[in-house]
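Accompanying notes for the structure given below.
Labels below follow one simple rule: chain letters A, B, ... track the order of the sequence lines, proteins then strands, and each chain is numbered from 1.
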2 protein chains.
Amino acid sequence: MPSRPSRPRLEDVAARARVSTASVSLVLRGRPGPSAATREAVLEAARDLGYRADRTASLLARRRTQLLGVTMDVRSSFHAELLEDLQAAADERGYDIVVSPLTRTRDERRAVESLLDFRCEALLLLGPRLTDPELAALAEEHHVVAIGRRAQAAGVDVVRAADDVGVGLAVEHLAGLGHRDIAYVDGPRGPIATVRRQGYRRALKRLGLVDHALVVEGGGDEEAGSAAAHLLHPLQPSRGHDVPPPDRREATGGPSRMPSAVVAFNDRVALGLLDRLRRDGVAVPGDVAVVGYDDSPIARLATVDLTSVSQAPEAMAVAAIEAATQRLDDGRTHAVDVVLEPHLVVRGTTSPPPRDGASTTSGSRGIRLR
Amino acid sequence: MPSRPSRPRLEDVAARARVSTASVSLVLRGRPGPSAATREAVLEAARDLGYRADRTASLLARRRTQLLGVTMDVRSSFHAELLEDLQAAADERGYDIVVSPLTRTRDERRAVESLLDFRCEALLLLGPRLTDPELAALAEEHHVVAIGRRAQAAGVDVVRAADDVGVGLAVEHLAGLGHRDIAYVDGPRGPIATVRRQGYRRALKRLGLVDHALVVEGGGDEEAGSAAAHLLHPLQPSRGHDVPPPDRREATGGPSRMPSAVVAFNDRVALGLLDRLRRDGVAVPGDVAVVGYDDSPIARLATVDLTSVSQAPEAMAVAAIEAATQRLDDGRTHAVDVVLEPHLVVRGTTSPPPRDGASTTSGSRGIRLR
DNA sequence: ATGAAAGCGCTAACAG
DNA sequence: CTGTTAGCGCTTTCAT
């Protein structure tokens, strides 16, 4: 339990070092002025007393708070990753970060308000779901950086990866392997999903595969991916794993051709997809190749080993902090839109399509589906 | 971009409402005193000006900050879940939460310091890795609540689930289904893993199954679970999924009997385990039953459907906030140790063991392994 | 180079 | 019930 004698104040250090509080303040913040002798005395006194500055007080006194506010979805591992990098980048520039998690009882508005209460000097919004007008309104009063999605809002800095390009990379990779029937599992409504879907469509067009386009409904999590598996393989028994799958060639209804490859909105969706496909006896990548998006830690697991598109979170983080500090420290006033190039990380869930009529179903299963 | 005219201050509201700043302060904080007329005038003025209190200033002025600091591992979905519930519980009691994430560049010490800089009135540490002496030292200066693990540290409040009981529930459930060879996949070194392992050993003893004890090395994530699969099934080809598994009965080396059930340190480990087992052609729960720990969101996914032990995060969160506020508001001075009873959530990864000599390998695969 | 003093914006006594 | 006033702990002119 905290000892009653409240923690030492600047004044206490000053008294002990036999100098003024002003000197102590300067020394402790490493600012030029005080002589070497004073410095030493102050540092010693501070050490002896175990002094730590009260940020609340210094923030009040200073105009600046040096605080950057970040809103994030606690459940998103991509956000978690970004946060780590944001933290590091902010650190280097002498800023501190306040994170305001979105939860089911705490939407983006509240999260932002909380940040403003802390007097954050800029708001970094991870994958904000606010509408463009809402963002623009916010930006009238505060510095705001939208991270990870496009935003057509005046005054808002944007840092994002070219998602359409990213999906394009995935599609091209698959096409390069020889796939022609490449499906796409859509994401949850929103600007991010829109751009990725566009990327898919455009890539198919470039490759002359538009006829093969197949966008199936999806979502943002494993559940959605799992559900999508049924749309891709509508002939599988819809529940239970105890019924042998019928020969997929005998299919009626559903897509006339089964895709030999699937690009998913993100890794979580890809994961749900993988899991369901494999349970249904579909080999990945033997029967179907799968590509995710985000290159999340889980994709890197040896057991998952998912080919995925990386948004380069470190680069995004650095760019975002940069955007904020340029406004705060360098007086930039026009909005910027930083677009980073995603890159594909090829792993084990993609390989050439099965030879016509033959399945490359994993031999370890000892089964062939057709 | 922020407009230069700094935001309205209390004084501005007072002037506009033609009352004193004191009255405004009281009204805005909903404290008794001001007359209805004053209230209305103030509220209107505040609304007109778009006033929002500067928390920094009020914290300074007030003795109290009403801030609770939380350290957490951003990567842990269990922590994420707890955080949501902590947030809600704190809210109800008029406290605000500052979260300080641990990252690879930011260990627990730094995270705590950051919280102290914010003048948090209590520290809630999620699954702290600090040693007991370190915790005790911290507790001399601050209110600290350790959440999710046991702690033998003077002055530290502890809120945890009875992990040994939890693992016991899992083992008993399996034994009740008829399993006798029940293995345990250990967690990462630390107090949590120790207690869970103990729970496993004691449960076996109670059930007269000590001879069947098998603790295999594990860890905290999917990777570890995947690796553990090989220790449980040492005869599986160690890499690649393209070699049909040999008849496991012909095993030489490794455990003489294959366990028919496995309890994993946590859900992530269980997940890695599940994935690897299934890829190796082992049916779950047909050949091997698997139980996880944490009842994390992923365990609940239809595609995963993992039997797991729930630590009841909501209850933990409430108890933790309670512990903190009792100290702060009710003047409690002795440490408390709140132990919550975990409960088992039975899902699809557990079923009776295979009949002797027969495999219940999933029929949907159309294969039998032996 | 150093110290005295005036705030930062708000809260809490204390008068009135 | 309302207004006045003295701080909260630190930073920052501005003299010295």
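- At the phosphate of D:dG3, OP1 or OP2 sits under 4.0 Å from a side-chain N or O atom of B:Ser23.
- The separation between A:Gln66 atom CD and C:dC8 atom P is 20 Å, rounded to whole Å.
- Side-chain contact, B:Arg106 with B:Ser100: a donor N or O sits under 3.5 Å from an acceptor N or O.
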Using atom types as modelled, flag every donor-acceptor pair under 3.5 Å from a side chain in residues 31-38 of chain A to any protein atom, sequence neighbours excluded.
{"residue": "A:Ser35", "atom": "OG", "partner": "A:Thr38", "partner atom": "N", "Å": "3.3"}
{"residue": "A:Ser35", "atom": "OG", "partner": "A:Thr38", "partner atom": "OG1", "Å": "2.8"}

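- By the 6.0 Å contact criterion, CD on A:Glu40 is open, its count of non-hydrogen atoms from other residues, nucleotides or ligands being 12 or less.
- Between B:Ser25 and C:dC10 there is no side-chain N or O to OP1 or OP2 distance below 4.0 Å.
- The side chain of B:Ser35 sits closest to D:dC1 out of D:dG9, D:dG3, D:dC1.
- Atom CZ of A:Arg29 has more than 12 heavy atoms from other residues, nucleotides or ligands within 6.0 Å.
- Checking B:Val112, B:Val98, B:Thr65, B:Val70 one by one against B:Cys120, the side-chain contact (heavy atoms from CB on, under 4.5 Å) holds for a single residue, B:Val98.
- When rounded to the nearest whole Å, the span between CD of A:Glu11 and P of C:dG3 equals 14 Å.
- Surrounding CZ of A:Arg52 are more than 12 heavy atoms belonging to other residues, nucleotides or ligands, all under 6.0 Å away.
- A residue-by-residue look at A:Ala22 and B:Leu26 shows that A:Ala22 has its nearest nucleotide of DNA chain C further toward the 5' end.
- For the segment residues 39-59 of chain A, the set of residues with a heavy atom within less than 4.0 Å of an atom of DNA chain D comprises A:Tyr51, A:Ala53, A:Asp54, A:Ala57, A:Ser58, in numerical order.
- Following rounding to the nearest Å, A:Arg64 (CZ) and C:dG7 (P) show an atom-to-atom distance of 23 Å.
- Protein atom CG of A:Leu28 is 13 Å distant from nucleotide atom C1' of D:dG9, rounded to whole Å.
- For the pair A:Leu10 CG and C:dA4 C1', the interatomic distance rounds to 14 Å; values are reported in whole Å.
- Checking the phosphate oxygens (OP1, OP2) of D:dT11, a side-chain nitrogen or oxygen of A:Arg29 falls inside 4.0 Å.
- Residue A:Arg18 contributes atom CZ, which lies 15 Å from atom C1' of C:dG3 at whole-angstrom precision.
- D:dC8 atom C1' lies 9 Å from atom CG of A:Leu60, rounded to whole Å.
- Between A:Asp337 and the options A:Val156, A:Val158, A:Asp157, a side-chain contact (heavy atoms from CB on, under 4.5 Å) holds for only A:Val158.
- The shortest distance between the side-chain N/O atoms of B:Ser20 and the OP1/OP2 oxygens of D:dT4 is not below 4.0 Å.
- Taking only side-chain atoms of B:Ala61, from C-beta outward, the nucleotide of D:dT12, D:dG9, C:dT11 with the closest atom is C:dT11.
- Contact annotation: B:Thr38 does not reach the phosphate of D:dC1 (side-chain N/O to OP1 or OP2, under 4.0 Å).
- Taking atom CZ on A:Arg62 and atom P on D:dT13, their separation rounds to 13 Å, with Å as the unit.
- Phosphate contact (OP1/OP2 of C:dG3, side-chain N/O of A:Thr21, threshold under 4.0 Å): absent.
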